[in-house]
Amino acid sequence: MTMQNANHPLTFSPDSDNTRLLRDAFGRFATGVTVVTTDSADGPVGITANSFSSVSLDPPLVLWMPDKGSRRFRYFEDAEHYAIHVLSHHQAEVCNGFVRNAHAFDQLPHTVDHNGVPLIENCLARFECKRFAAYEGGDHLIVLGQVTQAEMRTGDALTFFAGKLGQIAPK
């Protein structure tokens, strides 16, 4: 391992003793912020996730990856229907609410779709999904969803970079 500065990057081989370094390196990739919601026996639940990506236009597929160690994993590992909400920069409190509480729907404008999935209002984009496939991915599950309904609006994105929330605004 070498010391990091502007001219010399920190170089390391990932292993179980330096997972924080690997997490910090992953954090150098700026991502959007999403909340994934589904219905459950315990009522509507949500989880904040930045592991979201488009996959295919035909069929329309997206993926996200819940952490197997999360207390909320049990709600999402077999969910047949769920929604992925891309948050706008005005929705940092929505993000933080679901970081703290799986049932953070109180005082949050939302509706429920015909599959019982809670839909958060006023998001930058929303993808209602039906489970397409799931694959093992180490300490995460790679979940592919087929988009059955999509919605979008204009606005600036809430982002996550180096452990902090921020904003990306188009020029």
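A ring-centre distance under 6.0 Å is not found for F127 and Y82.
One N or O on the side chain of H103 and one on the backbone of P44 form a donor-acceptor pair closer than 3.5 Å. With hydrogens and angles ignored, the 3.5 Å screen pairs a side-chain donor or acceptor of N96 with a backbone N or O of A92. Of the possible polar contacts, one joining the Q91 side chain to the N122 backbone as a donor-acceptor pair under 3.5 Å is found. For the pair K68 (side chain) and G138 (backbone), a donor-acceptor distance under 3.5 Å is present. A donor-acceptor pair is defined here as one N or O able to donate and one able to accept, closer than 3.5 Å; no such pair exists between the side chain of R126 and the backbone of A83.
For the pair L158/C95, a side-chain contact is recorded, criterion being any heavy-atom separation below 4.5 Å from C-beta on. At least one side-chain heavy atom of V45 sits under 4.5 Å from a side-chain heavy atom of F76. V35 places a side-chain heavy atom less than 4.5 Å from the side chain of I120. In this structure, the side chains of D42 and R74 come closer than 4.5 Å at one or more pairs of heavy atoms. Looking at heavy atoms from C-beta onward, R72 lies out of side-chain contact with P66 at the 4.5 angstrom threshold. With a 4.5 Å cut-off on side-chain heavy atoms, W64 and I84 count as touching. Counting heavy atoms from C-beta on, the side chains of E80 and K130 come closer than 4.5 Å. Contact annotation: the side chain of V117 approaches that of T37 to within less than 4.5 Å [non-hydrogen atoms, C-beta and beyond].
No donor-acceptor contact under 3.5 angstrom links the side chains of D39 and Y75, judged on distance only.
V147 and V55 are not part of a single hydrophobic cluster, where members link through side-chain heavy atoms under 4.5 Å apart. By the rule that hydrophobic residues join a cluster once side-chain heavy atoms approach within less than 4.5 Å of another member, F98 and L119 end up as members of separate clusters.
R153 CZ: more than 12 foreign heavy atoms inside a 6.0 Å radius.
Between H85 and C123 the shortest heavy-atom distance is CB-SG, 3.6 Å. Taking every heavy atom of both residues into account, A49 and V36 meet most closely at CB-CG2, 4.4 Å.
Relative ring orientation between F105 and H110 is described as tilted, the plane-to-plane angle lying within the 30° to 60° band.
Between the CZ atom of F12 and the CG atom of D17 there is a distance of 12.5 Å, given to the nearest 0.5 Å.
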